[in-house]
2 protein chains.
Amino acid sequence: MGEQKSGAGSGAASGPASAPGGGTSAPGRGAKPASDPTLASRLFAELRAQIISGAIPPRQRLRVRQLAAQFGTGLSPVREALNRLTRDDLVSHNDQRGFVVSAVSEQDLADMIRARCWLNERALRESIALGGPDWEERLLVAFHRLSRLPRWADEAEGIANPEWESAHRAFHRALIEACGSGWLIGFCEQLFDVADRYRHIARKAAMARVRDEHRQIMEAAVARDADRAVDLLNRHFQRTAELCRAELQRRAAAVAPTGRRARRAKAVDPAGPPA
Amino acid sequence: MGEQKSGAGSGAASGPASAPGGGTSAPGRGAKPASDPTLASRLFAELRAQIISGAIPPRQRLRVRQLAAQFGTGLSPVREALNRLTRDDLVSHNDQRGFVVSAVSEQDLADMIRARCWLNERALRESIALGGPDWEERLLVAFHRLSRLPRWADEAEGIANPEWESAHRAFHRALIEACGSGWLIGFCEQLFDVADRYRHIARKAAMARVRDEHRQIMEAAVARDADRAVDLLNRHFQRTAELCRAELQRRAAAVAPTGRRARRAKAVDPAGPPA
DNA sequence: GGTCAACAGATGATCGATCATTTTTTGTAT
DNA sequence: ATACAAAAAATGATCGATCATCTGTTGACC
């Protein structure tokens, strides 16, 4: 006896797929009959991807009827998918009050990152202690696959590259895979997903902020309000500089330790970019 | 902002409740209108309790129609409850193949216990480091409540005392509550539930084994098969003795360390009774 | 003006029927 | 007897209708 853990499936998000019309277009390859999974499972995967990617923002109410209409299905599969999503704390549910995309907060972020550090530390130490040559190889492969993929599908638009996301997950998993504890791995992956969501949301917010700044500057300029326009532009440059400064500090910190031994694991600043 | 974690509710299992007729019998106390929770939530709680207590054994298939009939409800609430149960890994699900109570295995037990030790260690250390006087007090209270409750509702029959179970959970939670990480606490509680299930299952199996041994001895005696009867009886005594021996060793070990310092946390034998 | 209550619309929860797939049974040929 | 295949039964998945509850609005009253 032994099989357990249906293993949340995770991995590759399907395409947009929102339009019900879909069907027979693009017969390109053999196009296996597909649709293996049940309708509820597809909805689950789709919603999960959208929530993690930030396409559906935190606090967003998930109305069953609306989603059913949007995906062109009945109510049951939606409800089922929603229920499954609560498993990973991506969605929360209140009796008689429906489903909501879980909120994010600075507090929760700090908590989550701390837990993530703890669990991954344990898992990584065990992995290093127990992992054999095969584990090393898998890790190298995972790293290689990750490093040759472009980070963004569209850098300017901040559209993530799904393949990179997938490889990123695979890399982190490969790190801890030899720890020998399915439970621990499961927890780590759950935290990975949540961290991923924060990452995407932050990115999204940053992009939106930049766009908004551009708009404000433009408006002030068109309105011939020189003072305001200049002020906004200056702030805009400042903010950009701050981002660069943070990055430079990071690089400097990476170079400096040449003198001393670079050991000393110590707790890393949890405020840093989750990666 | 901050509310998250719908918080699995856990706690007190309602009565058998299988009969739909139920209703107005035993108006004993005020009998508040109750039924606060949604139907699905009640099924969830009931099934969860039954699975953890071992009333529904591992590998048991959970057929939607059957459960619906048993509880006198429609299919939807059952399905919903089942889906929510997969959250805690108490139930697993395969597309088109329905729900099953998660299997148990020696391997999974070892894995789970190890993870449980790791996570609780971290949580406990943090709790001790961060917990204030209020935490201490709550812990003392939790311990006191637990220690004055009878372990069994019926020792001979091995029927657990629900209040004890509840206080037990509360005690373990109180221990780590001050660790400041909701995520970590959540994981620990999930593992608590799974460990609880193992505990109950083991107890149940032990009781069944004893009963079976009695029956076999009786049958051999009635059949006038002296050799077999005596052999069975001897083994029976041996087994009982082994249980006592294990207990005595535990007590001896607890007394011995008077000489040396009793520090040295070290890894505890995971095979011991999870408590 | 503000507060509360009745109302209406929206939304969640539940039901029973129906479709699709899996599992079991039954029958037949080797 | 065994193995395979078709048919039957069981079971999971999905649907749309319906009931219950919640939310926001309107309007009377203080």
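Please read these numbers as outputs of a predicted model, since none were measured by experiment. Residue numbers begin at 1 in each chain, while the letters A, B, ... track the order of the sequences.
- Checking the phosphate oxygens (OP1, OP2) of D:dT14, a side-chain nitrogen or oxygen of A:T38 falls inside 4.0 Å.
- Where A:S76 and B:Q66 meet DNA chain D, the nucleotide closest to each residue was compared, and B:Q66 sits on the side nearer the 5' end.
- For A:L175, the side-chain contact (heavy atoms from CB on, under 4.5 Å) test picks out A:L124, A:L139, A:F171, A:H172, with sequence neighbours left out.
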Under 3.5 Å between N/O atoms: give me all the protein pairs with nucleotides 18-23 of chain D, atom names plus distance.
| residue | atom | partner | partner atom | Å |
| --- | --- | --- | --- | --- |
| D:dT18 | O4 | A:R65 | NH2 | 3.0 |

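- With distances taken from any side-chain atom of A:R63 to the nucleotides C:dT11, C:dC15, D:dG12, the minimum falls on C:dT11.
- With sequence neighbours excluded, the residues satisfying salt bridge (charged side-chain N to carboxylate O under 4.0 Å, His left out) with B:R211 are B:E157.
- In this entry the distance linking CG of B:N83 with P of C:dG12 reads 17 Å, nearest Å.
- Partners of A:R97 by salt bridge (charged side-chain N to carboxylate O under 4.0 Å, His left out), not counting sequence neighbours: none found.
- Protein atom CG of A:L82 is 14 Å distant from nucleotide atom P of D:dT14, rounded to whole Å.
- For the OP1/OP2 pair of C:dA13 and a distance below 4.0 Å, the side-chain nitrogens and oxygens of A:H93 include at least one atom meeting the criterion.
- The separation between A:L67 atom CG and C:dA13 atom C1' is 16 Å, rounded to whole Å.
- Heavy-atom distances to DNA chain D give each of A:T73 and B:V64 a nearest nucleotide, and the one nearer the 5′ end belongs to B:V64.
- Rounded to whole Å, atom C1' of D:dG12 lies 9 Å from atom CZ of B:F99.
- A donor-acceptor pair shorter than 3.5 Å can be found between the side chains of B:H200 and B:E165.
- Residues meeting the side chain to side chain donor-acceptor pair (under 3.5 Å) test with B:R138, sequence neighbours left out: none.
- Residues forming a salt bridge (charged side-chain N to carboxylate O under 4.0 Å, His left out) with A:R215 (at least two apart in sequence, or on another chain): A:D212, A:E219.
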